Structures are given as structure tokens and as C-alpha cells.
Amino acid sequence: MSTPSALSKPTIAFHWIVAIAIIGMLAFGLYLEDLPRSPEKGELMGLHKSFGVVVLMLASLRIVWRVKEGPIPAIGDASGWQEKMAKGIHHLLLLATVLMPVSGIMMSVGGGRGLDVFGINLIAAGEKIEWLGQLGGATHGVLAKIMIAAILLHVLGAIKHHVLMKDNTLTRMLGKS
């Protein structure tokens, strides 16, 4: 088994901040989905959109950092297909953390609502753009399901590494390698 190289503090921080933010946003979005239309729901949607833009910025910075630092070296003796699946899940999660908020912006702009972030108007409300709103909505809904599945696979993989393979994948991501 290979010895893990320590991860940088920014790598660990970006991972956990974006992970917690995305999981929180997914849970918040699922909660909002079941609420009836009301002024309160509108206010909560405004918060969801605002935090979505924050997640977009953090996720974009994380990707820039990941490109700057290069790929994280694997630990352990995973088979070829497991290594490919792990890389695929990582890339999918990185991409989805950007596409999810972008699709939300598409929904808002396509619905003619524009985009306000904590009360600051970034994109003015305008005419509805039906195809943009529909594409954004469909993408947002499908990505939510894909992200939940990918997050579950990612967590199960980390647990497998820690419990079954007894390598340092999880402890390294916790900054304890």
C-alpha cells in the first residue's frame, strides 16, 4: 500500500466547505419543493438563490485550486475499475457543484425573475425565456438526483477505504495524515 501524501489546508477546506454547502443546499431545495406558494416561500427561495451563487463562487474557486494543485494521488491498491469509478465520481461532483447553481440561475432568468443575491441585483428581471427556464429547471431537477447518488457513492467509498481497506484516505481528507 502506498503512503499518502498530505493534502494542503486549502484542499481540505474547499472540500469540506463545498461539501457541507452543497448538502445543505440540496436539503434546503428539497424542503422548498414541498412548500406551497406563499410570500414566505418566495423569501426562502431568494435565500436559496443567494446561497446558490455563493456555492457557485466557492465551487469555481475549488476547481481553480484543484487545477493549480493537480490531481490528488490515490491511496491503496484499488483495481482499475474502482480507480476509474472514484475519479469519475470526483469529476462528476466537481462539475455538478458548478452546474447546479448555473442551472438555478438559468431557471430564474428564464422565468423572467432575474437574479438578486442577498438583495443586490446581479441580473435584472426581464421577459420570460421559456426554453431557458425549462432547460434550467430540468437540469436542476436531474442534477439534484445525480448529486445525491454521487454523494452517497462518494461517502460509501470513503467508508470502504477507512473500514475495509484500512488506508488513510479518510483521515487524510480530515487533515490527519
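Hydrogens, waters and symmetry mates play no part in the numbers below; they use all other heavy atoms, side chains included. Just so it is clear, the structure is predicted and the values come from calculations on it, not from any experiment.
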Specify the closest pair of heavy atoms between [X] and [Y], including all atoms of both residues, with the distance to one decimal.
{"X": "S8", "Y": "T11", "answer": "OG-OG1, 2.8 Å"}
{"X": "M147", "Y": "L93", "answer": "O-CD2, 4.4 Å"}
{"X": "N121", "Y": "I123", "answer": "ND2-O, 3.3 Å"}
{"X": "P101", "Y": "A96", "answer": "CD-O, 4.2 Å"}
{"X": "S50", "Y": "F118", "answer": "OG-N, 2.7 Å"}
{"X": "K49", "Y": "S108", "answer": "NZ-OG, 3.1 Å"}

Within the side chain of [X], is there an N or O that forms a donor-acceptor pair under 3.5 Å with the backbone of [Y]?
{"X": "H140", "Y": "M100", "result": "yes"}
{"X": "R37", "Y": "K41", "result": "no"}
{"X": "T97", "Y": "L94", "result": "yes"}

Could you measure the distance from the [atom1] atom of [X] to the [atom2] atom of [Y]? Nearest 0.5 Å is fine.
{"X": "Y31", "Y": "L44", "atom1": "OH", "atom2": "CG", "value": "6.5 Å"}
{"X": "R113", "Y": "I105", "atom1": "CZ", "atom2": "CD1", "value": "13.0 Å"}
{"X": "L35", "Y": "L30", "atom1": "CG", "atom2": "CG", "value": "11.5 Å"}
{"X": "M106", "Y": "L99", "atom1": "CE", "atom2": "CG", "value": "9.5 Å"}
{"X": "E43", "Y": "M45", "atom1": "CD", "atom2": "CE", "value": "13.0 Å"}
{"X": "L92", "Y": "M85", "atom1": "CG", "atom2": "CE", "value": "10.5 Å"}

Single-linkage hydrophobic cluster [X]~[Y], side-chain heavy atoms < 4.5 angstrom:
{"X": "L95", "Y": "I146", "answer": "no"}
{"X": "L32", "Y": "L143", "answer": "yes"}
{"X": "I23", "Y": "F14", "answer": "no"}
{"X": "L156", "Y": "I148", "answer": "no"}
{"X": "M25", "Y": "V155", "answer": "yes"}

Is any side-chain heavy atom of [X] less than 4.5 Å from a side-chain heavy atom of [Y]?
{"X": "I17", "Y": "R62", "result": "no"}
{"X": "D116", "Y": "L122", "result": "no"}
{"X": "I129", "Y": "W131", "result": "yes"}
{"X": "V102", "Y": "T139", "result": "no"}

Would you say CZ of F28 has more than 12 non-hydrogen atoms from neighbouring residues, nucleotides or ligands within 6.0 angstrom?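 Enclosed: over 12 neighbouring heavy atoms sit under 6.0 Å from CZ of F28.
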
Specify whether H154 and H90 have parallel, tilted or perpendicular ring planes, treating 30° as the upper limit for parallel and 60° as the lower limit for perpendicular.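 Perpendicular, since the angle between the ring planes exceeds 60°.
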
As a quick check of understanding, evaluate side chain to side chain contact (heavy atoms under 4.5 Å, CB included) for M107 and Q134, giving each step before the final call. CA-CA 7 Å; M107 247 189 329; Q134 289 176 353; over 6 Å; no

One pair to check against side chain to side chain contact (heavy atoms under 4.5 Å, CB included): W16 and M173. What are the steps and the verdict? CA-CA 9 Å; W16 290 108; M173 205 64 228; 4.1 Å; yes

Just do the side chain to side chain contact (heavy atoms under 4.5 Å, CB included) check on I159 and L164 with the steps written out, would you? CA-CA 8 Å; I159 292 168; L164 298 178; over 6 Å; no

Of L61, I63, L58, which is the lone residue that meets side chain to side chain contact (heavy atoms under 4.5 Å, CB included) with V18?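 Of the listed options, the one satisfying the test is L58.
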
Criterion side chain to side chain contact (heavy atoms under 4.5 Å, CB included) on I120 and V53, from CA distance to verdict: CA-CA 12 Å; I120 299 167; V53 172; over 6 Å; no

